[in-house]
Amino acid sequence: MASTDEPITILPVGECWNLLSTVSLGRLVTSVEDELDIFPVNFAVQNRTVLFRTAEGTKLVSATINSRVLFEADNYNPAEGWSVVVKGMAQVLRSADEIREAQDAPLWPWTPWLKQNYVRILPTTVTGRRFRFGPESHEPLPAPS
């Protein structure tokens with residue numbers, strides 16, 4: 001990780017995946033008929049995809065009806081924070097080979113309920129930013145690039 005004095009740093013895709021693999025809680029955003037939902041999910045990174053398990057219910061149904069999803073995870077410490085957003089397609093794993101591969105991921109349920117469905121997010125874009133914390137500046141924000 002390169003040190004910078006900039007308050008916001010755009011992260012390369014490889015670093016985004018490295019950071020995602022250091023945390024296990026993120027947020028899944030789904031959209032069905034212009035209705036947005038957001039769900040906390042524990043997840044694992046596997047082969048540059050996001051993998052999570054879920055039970056039958058709203059999360060699974062909405063990711064199946066409209067497979068275009070967003071996923072976000074972040075972390076911080078007293079000096080800095082980061083956020084990574086994955087845009088992609090949710091795919092419910094069906095074949096024995098897909099499920100066997102998913103079972104090799106470091107993905108364990110956080111709740112005692114049975115979660116038989118594996119869902120993989122196949123990324124179309126991955127973006128990330130690192131934020132350096134500090135005192136508020138009186139300078140205007142730079143123009144977007």
Side-chain angles (χ1 to χ4, degrees), residues 1-32 34-93 98-145:
M1 171 179 68
S3 177
T4 177
D5 288 334
E6 295 297 317
I8 299 174
T9 305
I10 304 299
L11 301 174
V13 171
E15 188 172 351
C16 291
W17 286 113
N18 290 340
L19 289 169
L20 282 175
S21 67
T22 67
V23 296
S24 58
L25 181 66
R27 286 156 293 285
L28 173 72
V29 179
T30 63
S31 174
V32 176
D34 296 326
E35 190 70 30
L36 297 171
D37 271 311
I38 187 165
F39 305 93
V41 294
N42 65 304
F43 74 99
V45 169
Q46 188 180 55
N47 302 324
R48 288 199 170 198
T49 67
V50 174
L51 181 67
F52 65 93
R53 291 172 62 182
T54 188
E56 301 292 325
T58 306
K59 186 185 324 167
L60 182 63
V61 169
S62 60
T64 304
I65 290 173
N66 180 0
S67 63
R68 292 179 56 219
V69 297
L70 291 173
F71 177 83
E72 190 270 345
D74 52 44
N75 202 0
Y76 68 95
N77 62 42
E80 66 181 16
W82 59 264
S83 171
V84 172
V85 174
V86 177
K87 293 180 182 179
M89 306 299 285
Q91 175 188 55
V92 179
L93 304 185
E98 290 173 327
I99 292 169
R100 220 178 349 268
E101 179 183 28
Q103 289 171 334
D104 290 338
L107 180 61
W108 301 277
W110 284 12
T111 59
W113 297 286
L114 184 60
K115 296 183 177 183
Q116 294 181 314
N117 301 288
Y118 284 91
V119 179
R120 185 178 302 282
I121 300 174
L122 304 170
T124 53
T125 63
V126 177
T127 58
R129 293 180 180 195
R130 183 177 305 281
F131 307 95
R132 186 177 51 83
F133 302 148
E136 184 176 19
S137 172
H138 295 287
E139 299 295 318
L141 288 172
S145 52

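Hydrogens, waters and symmetry mates play no part in the numbers below; they use all other heavy atoms, side chains included. Model, not experiment: these values are computed from the prediction.
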Output for pair (L93 CG, R53 CZ), nearest 0.5 Å, gives 11.5 Å
Here the gap from L60 atom CG to I65 atom CD1, rounded to the nearest 0.5 Å, amounts to 10.0 Å
When every non-hydrogen atom of A90 is compared with those of V119, the smallest separation belongs to CB-CG1, 3.9 Å
### Query
Is the backbone N or O of W108 less than 3.5 Å from a side-chain atom of N42, with the two atoms forming a donor-acceptor pair by type?
yes
Heavy atoms of A105 and L51 approach each other most closely as CB-CD2, 3.6 Å
**Request:** Go through the side-chain N and O atoms of E72 and S83 and say whether any donor and acceptor fall under 3.5 Å apart.
**Result:** yes
May I have the step-by-step check of side-chain contact (heavy atoms from CB on, under 4.5 Å) for K59 and V41, ending in yes or no?
CA-CA 10 Å; K59 186 185 324 167; V41 294; 3.7 Å; yes
Note to self: Less than 6.0 angstrom separating the ring centers of F71 and F52, yes or no?
What the structure shows: no
Check your understanding: Is the backbone of T64 close enough, under 3.5 Å, to the side chain of S67 for a donor and an acceptor to pair up by distance?
Key -> no
>> Counting only heavy atoms not in K87 (residues, nucleotides, ligands), do more than 12 fall under 6.0 Å from its NZ?
In response: no
**Prompt:** Is a side-chain N or O of N117 found less than 3.5 angstrom from the main chain of T54, in a donor-acceptor match?
**Reply:** yes
In the structure I gave you, are the side-chain heavy atoms of V86 and L20 within less than 4.5 Å of one another anywhere? yes
Point to revise | R27/D74 ion pair, N-O < 4.0 Å | key: yes
What one should report as the nearest heavy-atom pair of A44 and L107 is N-CD1, 3.9 Å
*Using a 4.5 Å cut-off on heavy atoms from C-beta on, say whether the side chain of R68 contacts that of T124.*
no
Shortest non-hydrogen pair, S21 vs V45, comes out as N-CG2, 3.9 Å
Closest heavy-atom pair, V23 versus F43, reported as atoms and distance to 0.1 Å, is O-CZ, 3.6 Å
Note: V126 and P123 closest approach over all heavy atoms is CG2-CB, 3.8 Å
Here the gap from S62 atom OG to I38 atom CD1, rounded to the nearest 0.5 Å, amounts to 11.5 Å
One should read off an interatomic distance between I8 CD1 and R132 CZ, to the nearest 0.5 angstrom, of 10.0 Å
Quick check: does any side chain N or O of Q46 sit under 3.5 Å from a backbone N or O of E101, one acting as donor and the other as acceptor?
yes
| query | Run the side-chain contact (heavy atoms from CB on, under 4.5 Å) check on R120 and E98 step by step: do they pass? | reply | CA-CA 10 Å; R120 185 178 302 282; E98 290 173 327; over 6 Å; no
- Message: Check E15 with R130, please: is the shortest side-chain N to carboxylate O separation under 4.0 Å?
- Response: yes
_Tell me whether F133 at atom CZ has more than 12 heavy atoms from other residues, nucleotides or ligands lying less than 6.0 Å away._
yes
Could you tell me if the side chain of I10 sits less than 4.5 Å from the side chain of R129, heavy atoms only? yes
### Sub-4.5 Å side-chain heavy-atom contact between L28 and I121
yes
When rounded to the nearest 0.5 Å, the distance separating OG1 of T22 from CH2 of W17 is 13.0 Å
